[in-house]
Structure formats: C-alpha cells, structure tokens
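Before any comments, here is the structure.
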Amino acid sequence: MKKNHHPKKKPGFFKKWSAKFHLWFGLGIGVLIFIISITGALYVFKDEVENFTRKDVIYHNEQNIEQKQILPIRVMEKAVVEQVKEKYPIHWVNIPMDKKMSYMFFWYEHNTDAWNYFDEFPIYKQAYVNPYTGKVLRVYDEKNGFFNIVKMIHWSYLLKQDWGTYVVGIPVIIFIIMLISGIILWWPKNKAARKQRFAFKWKNIKSWKRKNYDLHNVLGFYASIFALIFSITGLFYAFFVVQAMIYVIFSGGETKYPDFSHIKTKAPIELRTETTLDKIINTVKNKYPESYGFAIDLGHEHMDDHEHPNFEVYVKHLTYSYHKSSSLIFDENSGELLHTHDPKDKNFGEKVVSANYDIHVGAILGLPTKIIAFIVSLICASLPVTGFMIWWGRKKKKPVKTS
C-alpha cells in the first residue's frame, strides 16, 4: 500500500518576507552589529577592572586622617597644576564622601570642529590626588585608555560624536527590526516544534550546520528580550525622539521635562572668593553624608565653552550605579543653595531617563545585571556570525543527485 506524502506547507507571505528582510539586513549590517556588540561586552566590567588595577591610588593611604584637614579645593588645584604641568586648565573634580578615597581631577577639552574621536578630544586625563597633601598619586590618559577607546567605538565608531552616533544608531534600528523578524521566523507552529526550539537537541546530531542553526535560533530567542532593551536604551543617545518617547511613556503622558534653568546666580560677583567652592562642597557633604560622591566644575574657560544657566552639582548616591542621583543648584558667587531635586521629587519618567545608562550597561542592579549584559552582548555578537554561516551553508549546499 502506497503511503500518502503530504507536501510541505509553504510559508505564508508575511513569514516569507520576514525571512527575506532578516537575511538582507543581516548581510548588510552584520559586521557593524558585531562591532557594537563585542565592544559593549568588553565595556561592561570597566569599573570592576579599573577598581582592581587602580586600587593603590583610588585610596590615598594617608595616616591619622581624623586629626587632619582636607586642603581647600583651590589650594589643591594649584598643587595639582604645578605637578602635572598641563597646558589646559582642570575641568572638574570628583569628590568622594569616603575620606579614605582620593580626589579625582579631570582635564577634558572638546573640539567641535574635528571629524574623529582623537581630534575631537584634544585631552581627557584623570589624576588621583591625596586631598590632605595635594600630592598627585598617578595620572591616567583616559583618552587613549583601552576602555574609553572601546566605549567610543561602541558610541560612534571613533567618528565625531555629533554624527557618529547616527552612524551607530541606524544599524541598531535595523537590528531591532531583525530581532522582531527573527522572533517571527523562530515562532513554532505547534507544541512539538516548540519543545525542539526552546533547547539544544544535539544528542544524535553530528552536522555542524544543524548545531550552528540551533545556536543562532535558540540563543537568539533567549537573548532577544534583553537585546531589545539594550538596543532601545542605546538609541536613547543617538536620537532625541527616543529620549522624548521614553519620558512621555513612563511619566504618564507628561510632555515637558522639568526645567530649572530659571534658577540662576543673582549675587554680585564680588562675593565670589577662593573659598566659595569649599562652601558648596561642605554643603553637599553635610546634606548627603551617606552618598558615594559628587562632581564640582572648577569654572574655567574651555574650548567649547557655552553658557551654563546655573551652577549645578550632581550627587551620585550609589557606588555601582548612576540612576539614584540628586541635583543641586547653587549661587555661583555666594555659594548659597538655591534648589534641591532628590530622587523622591522625580516622577517615574525622570527616574527611567536617569536609569537609562545603568540599564544599557547592565549596572542597574549591580553585578547580576552586568553578567546578563555581558552574556547578551556576546550572544548578539555571535548572531551575525552564525547567521552568515547559515546563509553560506545554504548557498554552498550540494545539489541532490537523481538516479
């Protein structure tokens, strides 16, 4: 008796075109997505690596600090300038709340006329300084440092950031389309197919093509939700419309972001002295003694100098994350505190916008989410490779011999 062989059902129109777009886009931007993903993976543990390699200067090891006073910030600045002898002025200082930690002085200049990263930032240096003596413990050239170059490849392919972010952002938009089309192609038609597609079934499989196919599909599926989150939070930096959409959605329809630019310095400049910044620093320290630290702009002119509507200080409350922060506005001349904006004062949209960076790099919940970000980034880097191998294997498929 002859068996009835039912012809294999052809894929529908939507699935067919999803497959075509997935292939074309993959071949077109695969290399770019690999670069973005692998640099993202390399950057995830930047803080952990630097905290380990720089631990001898992150802590100044000054003895008997209970009986000693931290130097006034302008005195400390002058001591640093004399030791480092850099032609550019110091831009800002990171001040930790932990008295055992060093102050971090930064030189940072932005040349808006350049076309690439190395020319756009003539200098980006960091000095670790003992705040009790003013001694420079070590200077790091952050501009040419491994992690910053990795970051800028990820951010703009080392192109000028004004438009380099778009060069990165457009492939990421296409990658999001590919993730969605990939889920459509992966989606099983029935229960039996579903069981096979959720896990590797390699017990009796010897073909590398099949294993490669499963790596692409199974890993791609499990990584897809996180990959979508990391992609959208990355687009936040490339396209203002994405920032606006995220704020509007999570704020419950608010279309105006809180603006405090009307709160400005009103005291006469004659009130500004060498100790004005110390007054501001002490106010912040007394107000947030349990926070991690904050940054103070030293107020010098810079290459891309532009108007600052007010003197604002950002306070970082957590060691591992930036999302929990406060902003304070001071009178730049008198040092008087004019306005405070704490996490409790922010609507949910503001909190999500503040958390965007930490979500993107996986720092939002510390080490567990960093591990997730690292693994997902590696999987995303593998998808163009395994996808290409699937296409190449089909292209080189030997024709079936007929007798």
Side-chain angles (χ1 to χ4, degrees), residues 54 56-111 121-145 265 267-288 291-308 310-316 328-337:
R54 301 182 182 186
D56 58 327
V57 292
I58 289 175
Y59 293 90
H60 51 69
N61 297 312
E62 184 73 17
Q63 301 300 308
N64 304 315
I65 58 175
E66 296 81 10
Q67 287 83 44
K68 297 178 180 179
Q69 291 290 325
I70 288 175
L71 294 174
I73 197 67
R74 291 298 183 188
V75 173
M76 209 185 307
E77 178 193 3
K78 287 174 184 174
V80 173
V81 168
E82 287 173 7
Q83 292 171 77
V84 179
K85 302 187 186 306
E86 180 56 61
K87 67 177 181 178
Y88 297 102
I90 299 170
H91 200 311
W92 77 87
V93 185
N94 281 2
I95 300 174
M97 293 298 182
D98 186 346
K99 292 181 178 180
K100 296 176 183 177
M101 295 180 70
S102 304
Y103 278 31
M104 290 151 279
F105 284 72
F106 289 86
W107 292 261
Y108 182 89
E109 296 294 338
H110 184 205
N111 176 16
F121 300 97
I123 187 171
Y124 179 22
K125 284 184 178 179
Q126 177 181 2
Y128 288 87
V129 179
N130 182 331
Y132 295 92
T133 64
K135 181 182 177 183
V136 174
L137 304 176
R138 194 174 301 154
V139 178
Y140 287 94
D141 180 5
E142 303 290 4
K143 171 185 170 180
N144 296 305
T265 292
I269 196 167
E270 288 77 21
L271 288 181
R272 191 190 302 182
T273 68
E274 288 284 294
T275 62
T276 300
L277 282 182
D278 295 301
K279 181 180 177 181
I280 293 172
I281 289 167
N282 290 331
T283 299
V284 178
K285 285 183 175 181
N286 292 330
K287 192 172 177 60
Y288 303 103
S291 66
Y292 176 69
F294 58 99
I296 288 286
D297 191 305
L298 292 177
H300 301 298
E301 289 187 9
H302 299 282
M303 289 180 70
D304 66 337
D305 215 24
H306 54 279
E307 269 190 51
H308 298 276
N310 46 44
F311 191 82
E312 196 165 7
V313 176
Y314 286 93
V315 180
K316 183 183 177 188
L328 294 82
I329 298 174
F330 289 88
D331 187 299
E332 197 171 3
N333 294 330
S334 70
E336 179 189 355
L337 178 61

Min side-chain heavy-atom separation Glu332-Ile269 under 4.5 Å: no

Option from Glu86, Glu109, His91 for which side chain to side chain donor-acceptor pair (under 3.5 Å) with Lys125 holds: Glu86

Other residues, nucleotides, ligands: >12 heavy atoms within 6.0 Å of Tyr314 OH: no

His302 and Pro89, any side-chain heavy atoms less than 4.5 Å apart: yes

Side chain to side chain contact (heavy atoms under 4.5 Å, CB included) partner of Tyr128, chosen from Met104, Lys135, His60: Met104

Donor-acceptor contact below 3.5 Å, side chain Asp278 vs main chain Pro72: no

Parallel, tilted or perpendicular: ring planes of Phe106 versus Trp92, cut at 30 and 60 degrees: parallel

Side-chain donor or acceptor of Gln83 paired with backbone N/O of Gly134 under 3.5 Å: yes

Heavy-atom side-chain contact between Ile70 and Tyr132 under 4.5 Å: yes

Gln67 CD: over 12 foreign heavy atoms closer than 6.0 Å: yes

Other residues, nucleotides, ligands: >12 heavy atoms within 6.0 Å of Tyr59 OH: no

Atom NZ of Lys68 with >12 non-hydrogen neighbours under 6.0 angstrom: yes

